[in-house]
Amino acid sequence: MTTTIGISRVADRTAVLGPGLRAVVWVRGCPLRCAGCVAPEDLPFTGGTTRTVDDLAGWLGGLPPEITGVTFSGGEPMAQAAGLSALVDRIRAGRDWSVMSFSGYPIEHLRRHGDPGQRRLLGQLDILVDGPYVAARHADLRWRGSANQRLHLLTERHAPPDRDVSAGIELHLTGDGVEWIGVPPVADFRAGFEAAMAARGVVLASPDGAAPPPGDPAPTDERGR
């Protein structure tokens, strides 16, 4: 049976979502609800696109050698852990990839109560950023949006960051307009950024899928993560 992964989008190069230059896969769907999250479009498990592990592995394998890592975001990567774990197996058969993931679930929960796919993916990660986004604790931290979230270096591949401050935001031009990637260093970044761009007539690219209805809490992962 072909393994598939529901995704919102991918990026083939970023320097703000993990060490070095990395690709990013934003998975589709999140069972968690974190008020203040900036990625409400990634909440539904419907929409987006469905891609096979073979397809994603071929895309990653075709990236230039300076792209040394892949980061899983979303959405909630641990909701599609089995597929992502299979993807890690495939890409590491070709070259030695660094693998990082975000998750709203604490690492203790994944170790004690995770399903086999979640525990297997956890065992493959070099870096995990865990914990739900808490708007009241928003902080300017490396690869994290709020002070409760933790950076776990699970292997010896990477050293701790020299400075635990935001890696910043990148703007990428796409066929649909402009998109941004990164964990915002300030609270309410998305609303302010989109309002400022709209005032200047700049079209912002948007992943396929609608935001949740008014009053529906947002998912755990941040836009761009």
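In this text, all values refer to a predicted model and were calculated from it rather than measured experimentally. All values below were derived from every heavy atom in this structure, side-chain atoms included, with hydrogens, water molecules and symmetry-related copies excluded. For reference, positions follow the sequence shown, starting with 1.
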>> Run the side chain to side chain contact (heavy atoms under 4.5 Å, CB included) test on R144 and F102 for me, step by step, so that the C-alpha distance in whole Å, both residues' side-chain angles and the decisive distance to 0.1 Å come before the verdict.
In response: CA-CA 9 Å; R144 286 115 69 210; F102 290 90; 5.8 Å; no
> Looking at R150 and E108, does any basic side-chain N land under 4.0 Å from a carboxylate oxygen?
Replying inline: yes
> If you round to the nearest 0.5 Å, how far is SG of C30 from CD of Q80?
Replying inline: 11.0 Å
> What are the two closest heavy atoms between Q124 and S85, and how far apart are they?
Replying inline: OE1-OG, 2.8 Å
>> Does any part of the side chain of F72, heavy atoms only, come nearer than 4.5 Å to the side chain of I5, both counted from C-beta?
In response: no
>> For S166, give me all partners under side-chain contact (heavy atoms from CB on, under 4.5 Å), at least two apart in sequence or on another chain.
In response: D140, P185
> Among all residues two or more places apart in sequence or in another chain, which pass the side-chain hydrogen bond (donor to acceptor under 3.5 Å, both in side chains) test with S101?
Replying inline: none
> Which atom names give the shortest non-hydrogen contact between W97 and L63, and what distance separates them?
Replying inline: CH2-CD1, 4.5 Å
> side chain to side chain contact (heavy atoms under 4.5 Å, CB included) between R95 and I67: does it pass, once the steps are laid out?
Replying inline: CA-CA 11 Å; R95 69 193 208 217; I67 307 301; 4.3 Å; yes
>> With heavy-atom distances below 4.5 Å as the criterion, would you say the side chains of R157 and D96 are in contact?
In response: yes
> Of all heavy-atom pairs between R190 and W180, which one has the smallest distance, and what is that distance?
Replying inline: CB-CZ2, 4.1 Å
>> What I'd like to find out is whether the side chain of R9 reaches to under 4.5 Å of the side chain of E179, using heavy atoms alone.
In response: yes
>> Would you say F45 ends up clustered with V53 if hydrophobic residues are merged whenever their side chains have heavy atoms under 4.5 Å apart, either directly or through other cluster members?
In response: no
>> With rounding to the nearest 0.5 angstrom, report the CG to CZ distance, L151 to R142.
In response: 9.5 Å
> CZ of F189 to CD1 of I169: how many Å apart, nearest 0.5 Å?
Replying inline: 4.5 Å
>> Quick one: does any side-chain atom of H172 pair with a main-chain N or O of T14 as donor and acceptor, under 3.5 Å?
In response: no
> Who passes salt bridge (Lys or Arg N to Asp or Glu O under 4.0 Å) against D54, sequence neighbours left out?
Replying inline: R90
>> List the residues meeting ring-ring contact (aromatic ring centres under 6.0 Å, His included) with H109, not counting sequence neighbours, and say none if there are none.
In response: Y105, H113
> Can you name the residues that form a salt bridge (Lys or Arg N to Asp or Glu O under 4.0 Å) with D12, not counting sequence neighbours?
Replying inline: none
> Rounded to the nearest 0.5 Å, what separation is found between the CD1 atom of I91 and the CG atom of L56?
Replying inline: 9.5 Å
> What is the distance from atom CZ of R120 to atom CG of L84, rounded to the nearest 0.5 Å?
Replying inline: 12.0 Å
> Under the side chain to side chain donor-acceptor pair (under 3.5 Å) criterion, do S8 and R28 qualify, and how do the steps go?
Replying inline: CA-CA 5 Å; S8 287; R28 188 75 176 179; 3.1 Å; yes
> What are the two closest non-hydrogen atoms of M100 and P19, and how far apart are they?
Replying inline: SD-CD, 4.3 Å
> Is the closest side-chain heavy-atom distance between I127 and L153 below 4.5 Å?
Replying inline: yes
>> Within the 4.5 Å heavy-atom criterion, are L60 and L87 side-chain neighbours or not?
In response: yes
> Where do Q149 and G131 come nearest, in terms of heavy atoms and distance?
Replying inline: NE2-O, 3.1 Å
> Do the side chains of L141 and V134 join up, straight or via other hydrophobic residues, at under 4.5 Å, putting them in one cluster?
Replying inline: no
>> Test side chain to side chain contact (heavy atoms under 4.5 Å, CB included) on I7 and R51; report intermediate values, then the result.
In response: CA-CA 7 Å; I7 66 170; R51 296 180 65 173; 3.3 Å; yes
> Are any non-hydrogen side-chain atoms of T71 and W143 less than 4.5 angstrom apart?
Replying inline: no
>> Under a 3.5 Å distance rule, please check whether E170 uses its side chain to pair with a backbone N or O of I181 as donor and acceptor.
In response: no
>> S103 and side chain to side chain contact (heavy atoms under 4.5 Å, CB included): which single residue from L125, L110, V129, L122 fits?
In response: L110
> Do the side chains of V16 and V183 get nearer than 4.5 Å, heavy atoms only?
Replying inline: no
> Which residues pass the side-chain hydrogen bond (donor to acceptor under 3.5 Å, both in side chains) test with R92, sequence neighbours left out?
Replying inline: D126
>> If I compare all heavy atoms of E41 with all of P44, which pair ends up nearest, and what's the gap?
In response: O-CD, 3.5 Å
>> With clusters defined by side-chain heavy atoms of hydrophobic residues (ILVMFWY) lying less than 4.5 Å apart, directly or transitively, does V186 cluster with L171?
In response: yes
> From T50 OG1 over to D55 CG, what is the distance, rounded to the nearest 0.5 angstrom?
Replying inline: 11.0 Å
>> Are the side chains of R13 and E66 in contact, using a 4.5 Å heavy-atom criterion?
In response: yes
> Quick one: does E76's side chain have a donor or acceptor within less than 3.5 Å of a partner on G104's backbone?
Replying inline: yes
